[in-house]
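One structure is given below, encoded as structure tokens.
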Amino acid sequence: DTATTEIYTPYTTLFRSLVGSDAEALSTVTRVSDPDSCSTEAVAFEDLDSLTRLAYDGRQSVCARASDTDAEARRALGSRGFDDVLIVPLVHKGVRAGTMTVADRRGDVASFDQNDLRLFETLVNHASVALDRSQLIDRLEHQALHDALTGLGNRLQFDARVRRAMEDRRPNEKLAVMLLDLDRFKEINDTLGHHHGDRLLQEVGIRLTRDLGPDWSVARLGGDEFAVLVRGLSEAEDARCAAVRVRDM
């Protein structure tokens, strides 16, 4: 998720610090100096330089230079070994998501100015939009592979897991696929209403995922039909025992 250096070709250093909503939590700082140099480290919020904390806490952009009269700004630059810096808060859906920074301008112009700051603010706004789109893609992918009611994998995901399990299984390892539905489920919907039927399906999903081990994959195929994939079996009898375990849950 690191911004590419091509966007900021006039600058030698780019780093982004993403801080959580809890100021006591560690911040993730990613630094990029060129396409072949990228590093990430965890830094406590209070250990970030004062200019970064100012931009994050105050949601205000910062343009600082070693030639400025502000002694605190000069100390912050000195602590990072920078000659000048632009810092813009990254706000995502009204929530502070961190800051983006460029430092040490190079080229014909000696240092950053307000025009550079306005340009960088525009780029950070584009980054916020890209973050929105990335999260939208993640949500769409999740929705495509999961049942909306129970949060379990759906038929598409279950089929893919079965195929992958068959391809990856160890020699002599056996797999089992179980299909199960709920007796008299229609009566529950008809007498108590669909809301209670939905609650029952959710509870079944919770129990199956909570009580089965890591070698079990559970999915809801639709309606009151669930599927369970069991890996790591040695004998056919193990599949029968697994089915009894699921039935008795």
Side-chain angles (χ1 to χ4, degrees), residues 1-4 16 18 20 28 30 35 38 40 42 92-93 95 97-98 126-190 193-249:
D1 295 339
T2 303
T4 60
R16 176 192 63 180
L18 290 180
T28 299
T30 302
C38 177
T40 302
H92 178 58
K93 294 183 178 179
V95 178
H126 286 311
S128 179
V129 173
L131 184 61
D132 274 334
R133 291 177 178 172
S134 174
Q135 292 187 343
L136 174 60
I137 291 173
D138 289 342
R139 288 196 300 270
L140 292 175
E141 289 179 346
H142 185 275
Q143 292 169 5
L145 296 174
H146 291 80
D147 171 54
L149 178 64
T150 63
L152 297 173
N154 59 15
R155 184 184 298 273
L156 181 63
Q157 185 190 87
F158 187 76
D159 288 347
R161 286 185 174 179
V162 171
R163 289 195 299 271
R164 187 165 59 248
M166 293 179 65
E167 294 171 355
D168 297 342
R169 68 191 182 104
R170 301 182 299 273
N172 301 321
E173 178 189 9
K174 292 180 173 56
L175 311 173
V177 172
M178 292 175 279
L179 302 179
L180 59 146
D181 55 29
L182 307 181
D183 292 339
R184 304 170 63 187
F185 180 70
K186 185 176 183 301
E187 295 180 24
I188 295 175
N189 277 336
D190 292 343
H194 289 278
H195 172 70
H196 289 280
D198 289 348
R199 292 287 300 275
L200 176 61
L201 294 173
Q202 291 170 336
E203 181 62 28
V204 170
I206 291 172
R207 291 190 183 188
L208 287 173
T209 54
R210 181 188 62 200
D211 297 338
L212 299 179
D215 288 329
W216 303 58
S217 296
V218 182
R220 181 188 176 211
L221 304 185
D224 65 336
E225 187 177 12
F226 293 81
V228 179
L229 166 65
V230 190
R231 298 179 293 271
L233 303 179
S234 301
E235 305 292 340
E237 177 64 17
D238 295 338
R240 189 192 69 81
C241 295
V244 171
R245 177 181 174 185
V246 171
R247 182 198 64 189
D248 294 341
M249 287 180 59

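The residues of the chain are indexed from 1 along the displayed sequence.
- At least one donor-acceptor pair under 3.5 Å links the side chain of N154 to the backbone N or O of A144.
- Applying the side chain to side chain donor-acceptor pair (under 3.5 Å) rule to pairs touching residues 167-186 yields R184-E187, K186-D190, sequence neighbours excluded.
- Within the 4.5 Å cutoff, the side chain of W216 has heavy atoms near those of the V246 side chain.
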Working for salt bridge (Lys or Arg N to Asp or Glu O under 4.0 Å), residues R199 and E203: CA-CA 6 Å; R199 292 287 300 275; E203 181 62 28; over 6 Å; no

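- In terms of heavy-atom proximity, A242 sits nearest to V230 at CB-CG2, 4.3 Å.
- Proximity of E225 to R155: side-chain heavy atoms (C-beta onward) are separated by under 4.5 Å at one or more points.
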Ignoring hydrogens and angles, write down the donor-acceptor pairs under 3.5 Å from the side chains of residues 157-166, residues two or more places apart or on other chains.
residue : atom : partner : partner atom : Å
Q157    : OE1  : R161    : NH2          : 3.4
Q157    : NE2  : H146    : NE2          : 3.4

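- Residues L152 and G205 come closest through the heavy atom pair CD1-CA, 3.8 Å.
- Rounding to the nearest 0.5 angstrom, the gap separating the OG1 atom in T150 from the CG atom in L208 is 9.5 Å.
- The CG atom of D147 sits 9.0 Å away from the CD atom of Q202 when rounded to the nearest 0.5 Å.
- Remark: side-chain polar atoms of D198 are not paired, donor with acceptor, to backbone N or O of H195 under 3.5 angstrom.
- The CD1 atom of I188 sits 8.5 Å away from the CG atom of L201 when rounded to the nearest 0.5 Å.
- The neighbour count for E237 CD, taken as heavy atoms of other residues, nucleotides or ligands under 6.0 Å away, is above 12.
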